[in-house]
Colleague: 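Before I ask anything, let me first share the structure, which is written out below as structure tokens.
What you see is a predicted model; the values in this text were computed from it and never measured.
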Amino acid sequence: MNLSTIKYGVLVLAVTCALGVRAEIVSVKTDSPTPVAEPVPLGADGKPLLDIYGTLSLEDCVNLALANSPSAVAAQLAVQNAHVNLNLAKSQFLPTASADFGSRYNMGSSVHDYGTSNVAASANLTLSGLTDLARNVRMQQISVEQAELNFQSVKNDLVRTVRKKYYVLLAAQRTVDIRTQSREVYEDQYKRTAEYYRLGLRPKVDVTTAEVNLNNESLRLIRAKNAVKTASASLANTLGVTTSAILQVQEDVSFEHPNLTMEEAVKTAYENRPDVQSSVLDLRLGNLRVSQAKAGYFPTVSLSAGYTKSGESLYLDSENAHVGVGIEIPLFNAFKTYNSVKQANIALENTRNNSRSLLNNVFLEVQNAYIALDEAAESIPLAELNAQKAKENMELARGRYNEGIGDMIELKDAEVAYTDAQISLLTARYDYGSAVADLKQAMGTY
């Protein structure tokens, strides 16, 4: 091969590339764009998200939050990252392999043109501090378990939050119904009082009072409707979605009383709560760190092995293999190991103290949730009785007013008391649902 031949080949290659680029440019300019279908939104689990514009049940809201909430997604990504770190730690026990190819051509006069090629393939394994590598793998395994427990803790807290905000939205919607009904009563009362005044049966002050009562209840209805919008936006934010529409949720919500004693609830929390289980892993991790610090007192054993084949062109006629063992004996490192062990023991004792503090806090949290649940359960029968008596009193006051015996103030007080009693009963029922959610979260169940 002479120099002119090489130059001709380079020229042909350059022209070919230029024509190919030109053809690509023409193709891009002349081809019409293909419409792309809008992708279906997916959650963190890879499944399509629910239609938030339909009627959502409590279970739908929980599933949507677990698949789409940023906190749940972040916890899932942390689990994936922990698995990657574990794989990286395990990869220290695996060999590495590589292949190299090189070619060189010297261009001079046609008499002195020549070229050379080199090919090499190699595999190497180096292990320095076997016990440290094995300990690092175990620590990464514990990190994976902790990441999974943290994800479970995020799920528990997220489910509790969704339930409470779901009940708040339901209570707000039911409050609108009560306020709407109350406004209709005040409107009917205003019309009736105006007719009585026209017939000369009631004074002008009753008409004015009835009108004021109607306007006040209209204002309360406006506030109740705004409360629905606020509750819907809060629930949507917990679900991880952004929408200006009001979420439609199902009304059929049943509350089941957990049939267990206070002692059983605490025992369940100690067994099931992810943060309690994670504290146990913290103790194991602390013990491993103490062992890791103490390893500085002992010799370090290193192993290495490698194999290489190389040669010109594709003829790998030269090979080389080696195996090595090394031992490094620590003599003096300026008390670094001593202080590292002391520091690891202090950290381990601090972890034990944090674990005891956590158990105390769990006990208190379960106790408070259990007391709140009993209080909510005892409040419902009283709220039901108050609503019943308030309704009876309102009917009596309305009858007295229509017969001309009672006055407008008596009737207004009775109507306000009945409306407040209905809202109190509604609040008591959904407070009970929230108390159940709090107790389940405190026990680590959902």
Side-chain angles (χ1 to χ4, degrees), residues 44-45 62-63 65-66 69-83 85-86 135-165 238 256-292 343-376 433-446:
D45 55 359
V62 169
N63 293 334
L66 294 178
S69 172
S71 59
V73 173
Q76 288 176 329
L77 293 176
V79 172
Q80 297 176 19
N81 186 64
H83 280 283
N85 290 333
L86 175 59
R135 190 180 296 109
N136 185 42
V137 170
R138 184 59 191 140
M139 292 173 69
Q140 294 301 329
Q141 288 174 339
I142 293 177
S143 297
V144 170
E145 295 179 37
Q146 287 185 319
E148 292 173 347
L149 288 173
N150 179 67
F151 176 50
Q152 185 66 34
S153 179
V154 170
K155 287 172 60 177
N156 290 349
D157 187 66
L158 190 59
V159 170
R160 188 268 300 265
T161 304
V162 169
R163 282 176 174 165
K164 292 174 72 70
K165 293 188 176 182
T238 303
E256 297 181 1
H257 189 283
N259 295 319
L260 73 171
T261 63
M262 170 68 183
E263 291 73 16
E264 292 173 340
V266 173
K267 181 181 179 182
T268 302
Y270 286 163
E271 294 174 351
N272 291 347
R273 280 188 55 143
D275 50 354
V276 175
Q277 299 177 20
S278 182
S279 69
V280 175
L281 294 178
D282 283 336
L283 292 174
R284 292 166 58 185
L285 198 59
N287 285 317
L288 283 175
R289 288 185 175 129
V290 171
S291 300
Q292 186 180 41
Q343 189 177 45
N345 280 317
I346 293 174
L348 178 59
E349 190 59 33
N350 187 54
T351 301
R352 290 195 182 100
N353 184 63
N354 291 337
S355 179
R356 289 192 295 268
S357 177
L358 174 63
L359 293 179
N360 291 340
N361 291 336
V362 168
F363 180 88
L364 180 61
E365 186 176 348
V366 173
Q367 185 180 45
N368 290 338
Y370 198 88
I371 293 173
L373 179 62
D374 283 343
E375 178 184 351
S434 295
V436 172
D438 288 338
L439 180 59
K440 287 185 176 182
Q441 194 272 342
M443 294 189 302
T445 59
Y446 67 92

Colleague: Under a 4.0 Å N-O cut-off, is there an ion pair linking R352 with E349?
Modeller: yes

Colleague: What are the two closest heavy atoms between V366 and L439, and how far apart are they?
Modeller: O-CD1, 4.1 Å

Colleague: Pick from Q441, Q152, E365: which one makes a side chain to side chain donor-acceptor pair (under 3.5 Å) with R273?
Modeller: E365

Colleague: Can you tell me how far apart CG (L281) and CG (L149) are? Round to the nearest 0.5 Å.
Modeller: 6.0 Å

Colleague: Would you compute the distance between atom NZ of K164 and atom OG1 of T238 and round it to the nearest 0.5 angstrom?
Modeller: 12.0 Å

Colleague: A quick test of your reading: do over 12 heavy atoms of other residues, nucleotides or ligands sit less than 6.0 Å from CD of Q343?
Modeller: no

Colleague: With a 4.5 Å limit on heavy-atom distance, are the side chains of N350 and N354 in contact?
Modeller: yes

Colleague: Begin from the C-alpha positions of V137 and L86 and carry the test side chain to side chain contact (heavy atoms under 4.5 Å, CB included) through to its verdict.
Modeller: CA-CA 6 Å; V137 170; L86 175 59; 4.1 Å; yes

Colleague: Looking at CG of N81 and CD of Q76, how far apart are the two atoms once the value is rounded to the nearest 0.5 Å?
Modeller: 14.0 Å

Colleague: Testing the 3.5 Å rule here: is there a donor-acceptor pair between the side chains of R138 and Q141?
Modeller: yes

Colleague: How close do L348 and L283 get, counting heavy atoms only, and between which atoms?
Modeller: CD1-O, 3.8 Å

Colleague: For V154 and A75, which heavy atoms make the closest approach, and how far apart are they?
Modeller: CG2-CB, 4.1 Å

Colleague: Which is it for R356 and N353 under the side chain to side chain contact (heavy atoms under 4.5 Å, CB included) test, yes or no, and what are the steps along the way?
Modeller: CA-CA 5 Å; R356 289 192 295 268; N353 184 63; 3.5 Å; yes

Colleague: So P274 and N156, do their side chains get closer than 4.5 Å, heavy atoms only?
Modeller: yes

Colleague: How about L66 and K155: do any of their side-chain heavy atoms sit closer than 4.5 Å?
Modeller: yes

Colleague: With rounding to the nearest 0.5 Å, note down the distance linking CZ in F363 to CD in E263.
Modeller: 7.5 Å

Colleague: On a heavy-atom basis, which atom in A78 and which in A147 lie closest, and how many Å separate them?
Modeller: O-CB, 4.0 Å

Colleague: Yes or no on side chain to side chain contact (heavy atoms under 4.5 Å, CB included) for K440 and V436, after CA distance, side-chain angles and deciding distance?
Modeller: CA-CA 6 Å; K440 287 185 176 182; V436 172; 3.9 Å; yes

Colleague: Would you say that more than 12 heavy atoms from the other residues, nucleotides or ligands in this model lie under 6.0 Å from the CD of E375, or not?
Modeller: no

Colleague: Between A72 and F151, which heavy-atom pair has the shortest distance, and what is it?
Modeller: O-CE1, 3.7 Å

Colleague: Is S355 reaching over with its side chain to a backbone N or O of T351, donor-acceptor style, under 3.5 angstrom?
Modeller: no

Colleague: Between Y270 (side chain) and V276 (backbone), is there a donor-acceptor pair under 3.5 Å?
Modeller: no

Colleague: Nearest 0.5 Å, what's the CG-OG distance between L358 and S279?
Modeller: 5.0 Å

Colleague: If you look at every heavy atom in L288 and R135, which pair is closest and at what distance?
Modeller: O-CD, 3.4 Å

Colleague: So, Q146 versus D282: side-chain donor-acceptor pair below 3.5 Å or not?
Modeller: yes

Colleague: Verify side chain to side chain contact (heavy atoms under 4.5 Å, CB included) between Q277 and E145, making sure each step is shown before the conclusion.
Modeller: CA-CA 10 Å; Q277 299 177 20; E145 295 179 37; over 6 Å; no

Colleague: In Å, rounded to the nearest 0.5 Å, how long is the span from OG of S278 to CG of L285?
Modeller: 9.5 Å

